[in-house]
Amino acid sequence: MKAITVENQTSSGLSKKSQRWKVFKNQRFLYMMSIPFVIWVFIFQYLPLWGWTMAFQNYKPGKGFFSQKWVGLEHFQTLFKDDHFYLVLRNTLAMSFMGLVAGLVFPILFALLLNEVRVQVLKRFVQTVSYLPHFVSWVVAAGIVTKMLSTDGGVVNSVLMGLHLIDQPIQFMSKGHMFWGIVTGADVWKETGWNAIIYLAAISGIGPELYEAARVDGASRLKQIWHITLPGIRPTIIVLLIMSIGHLIGIGFEKQFLLGNHLVSDYSEVLDLYALNYGLSMGRYSFGTAISIFNSVISVILLFVANGMFKKFANESIM
């Protein structure tokens, strides 16, 4: 009996290997086409990780790798003892969370509303206009936002004064407590149309017979959205949410750098700006590398935690 079992396991193992080899042989051209992209990813994504060794050295430019002084976790200890680091971390998490919520809710709402437009010419026009800001650089976008919020002929102040909601212009760009909202609003304006494209694609994959059956049963448009459209795009929403959670820490610095100023620096500085100002700009390359490692490690942890939670409770995951 034992010999038969071993023989069956051996035969099944051989059959699996033969199946894998057969799949590889049938798709050999696809594998060959993917080789340049694998090499590109390795060179530009994995090979630079060698530079993380700088975080454990007192790196000095011009010296060889073995000539550098190794300091262990000294730069990480300096990082966690710095009170300014926690202020910057607060700003990063606050703007990340606000951007996560707004970047999820507004594109979904926009996609749902746009899907209900029955005039195709109008629908295509609105969609085209909505995602055009995505192709505008943040340098130009920040200039537009700053001009709109300006006290000297800014559209926002002019409208508020015209409606008699305020008596004098508000200096939005000098109010620290408003900065997070300004950055989030600018990001929503710039990216909502572009982010809605994937939800519109997911909606288009829902079978029209479901809507026809719902209309026969007397369901209103709102009920069709709630019971058909939203459940239909639920996997897409969860996947994008998991990926967004993985980027909570690494939000970049372009928006904050271009919209911020010294009056709101306590609210505008994020981790990437912190690494730039207190790392690279001051020649503290090892310290800047330690900050980048912290960002990457936390991002990976958040990604796995979010993926595990959604896989357990929603039965949806990205891996």
Just wondering, more than 12 heavy atoms not from [X] lying within 6.0 Å of its [atom1]?
X: D217; atom1: CG; value: yes
X: M178; atom1: CE; value: yes
X: F135; atom1: CZ; value: yes

Does anything in [range] form a side-chain hydrogen bond (donor to acceptor under 3.5 Å, both in side chains)? List the pairs, not counting sequence neighbours.
range: residues 282-301; answer: D272-N295
range: residues 55-77; answer: none
range: residues 132-150; answer: H134-E191

Open item on the list: I291 vs Y278, test: side chain to side chain contact (heavy atoms under 4.5 Å, CB included). Steps then yes/no.
Closed with: CA-CA 10 Å; I291 300 171; Y278 294 91; 5.7 Å; no
Where [X] and [Y] come nearest, the two heavy atoms and their spacing:
X: A219; Y: K223; result: CB-CB, 4.2 Å
X: I203; Y: A111; result: CD1-O, 4.1 Å
X: A55; Y: I293; result: CB-CD1, 3.5 Å
X: D167; Y: M161; result: O-CE, 3.6 Å
X: V270; Y: V88; result: C-CG1, 3.1 Å
X: S268; Y: L273; result: O-CD1, 4.0 Å

In Å and rounded to the nearest 0.5 Å, what is the [atom1] to [atom2] distance from [X] to [Y]?
X: S220; Y: I225; atom1: OG; atom2: CD1; result: 8.5 Å
X: L112; Y: L200; atom1: CG; atom2: CG; result: 8.5 Å
X: E269; Y: R90; atom1: CD; atom2: CZ; result: 11.0 Å
X: I233; Y: I108; atom1: CD1; atom2: CD1; result: 5.5 Å
X: I245; Y: I301; atom1: CD1; atom2: CD1; result: 14.5 Å
X: N195; Y: T192; atom1: CG; atom2: OG1; result: 7.0 Å

Tell me, do [X] and [Y] make a side-chain contact under 4.5 Å, heavy atoms counted?
X: K255; Y: M95; value: no
X: L93; Y: L89; value: yes
X: T151; Y: Q168; value: no
X: I166; Y: N157; value: yes
X: V145; Y: F172; value: no
X: V264; Y: L259; value: no
X: V136; Y: L132; value: no

Open item on the list: Using the rule side chain to side chain donor-acceptor pair (under 3.5 Å), only one of N91, T92, D82 pairs with Y274; which is it?
Closed with: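 Only one of N91, T92, D82 forms a side chain to side chain donor-acceptor pair (under 3.5 Å) with Y274, namely D82.
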- [ ] State which residues pass ring pair (Phe, Tyr, Trp, His ring centres under 6.0 Å) with F24; sequence neighbours excluded, sorted by chain then number.
- [x] W21, Y31
With [X] via side chain to side chain donor-acceptor pair (under 3.5 Å) - residues at least two apart:
X: T229; value: Y211
X: S174; value: Q171
X: N261; value: none

Task: Any residue meeting side-chain contact (heavy atoms from CB on, under 4.5 Å) with L49, in chain and number order, not counting sequence neighbours - done: Y46, W52
Would a hydrophobic clustering, with Ile, Leu, Val, Met, Phe, Trp and Tyr connected at side-chain separations under 4.5 Å, put [X] with [Y]?
X: I35; Y: V23; result: no
X: L241; Y: M243; result: yes
X: M54; Y: L79; result: no
X: I170; Y: L163; result: yes
X: W189; Y: Y199; result: no

Expected output: side-chain [X] to main-chain [Y] donor-acceptor under 3.5 Å:
X: N26; Y: K22; value: yes
X: N307; Y: L303; value: no
X: S204; Y: A201; value: yes

TODO: Any chance you could pull the hydrophobic cluster mates of V101, using side-chain heavy atoms under 4.5 angstrom and chaining through other members?
DONE: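 Same cluster as V101: F97, V105, L109.
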- [ ] Any chance you could pull the hydrophobic cluster mates of V188, using side-chain heavy atoms under 4.5 angstrom and chaining through other members?
- [x]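 Grouped by the 4.5 Å side-chain rule, F106 form the rest of the cluster around V188.
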TODO: Only pairs at least two apart or in different chains count here, so list each ring-ring contact (aromatic ring centres under 6.0 Å, His included) that has a residue in residues 294-319.
DONE: F80-F294, F85-F294
Task: ring-ring contact (aromatic ring centres under 6.0 Å, His included) partners of residues 243-269, not counting sequence neighbours, each pair once - done: W180-Y267
Open item on the list: Evaluate R118 against E116 for side chain to side chain contact (heavy atoms under 4.5 Å, CB included), listing each step before the verdict.
Closed with: CA-CA 6 Å; R118 295 293 178 252; E116 295 301 314; 3.6 Å; yes
Open item on the list: Run the side chain to side chain contact (heavy atoms under 4.5 Å, CB included) test on M173 and I182 for me, step by step, so that the C-alpha distance in whole Å, both residues' side-chain angles and the decisive distance to 0.1 Å come before the verdict.
Closed with: CA-CA 8 Å; M173 304 308 295; I182 292 173; 4.1 Å; yes
Open item on the list: Using the rule given for side chain to side chain contact (heavy atoms under 4.5 Å, CB included), can you reason through N115 versus K123, listing the C-alpha separation, both sets of side-chain angles and the distance that settles it, and then say yes or no?
Closed with: CA-CA 8 Å; N115 185 62; K123 182 178 181 179; 4.0 Å; yes
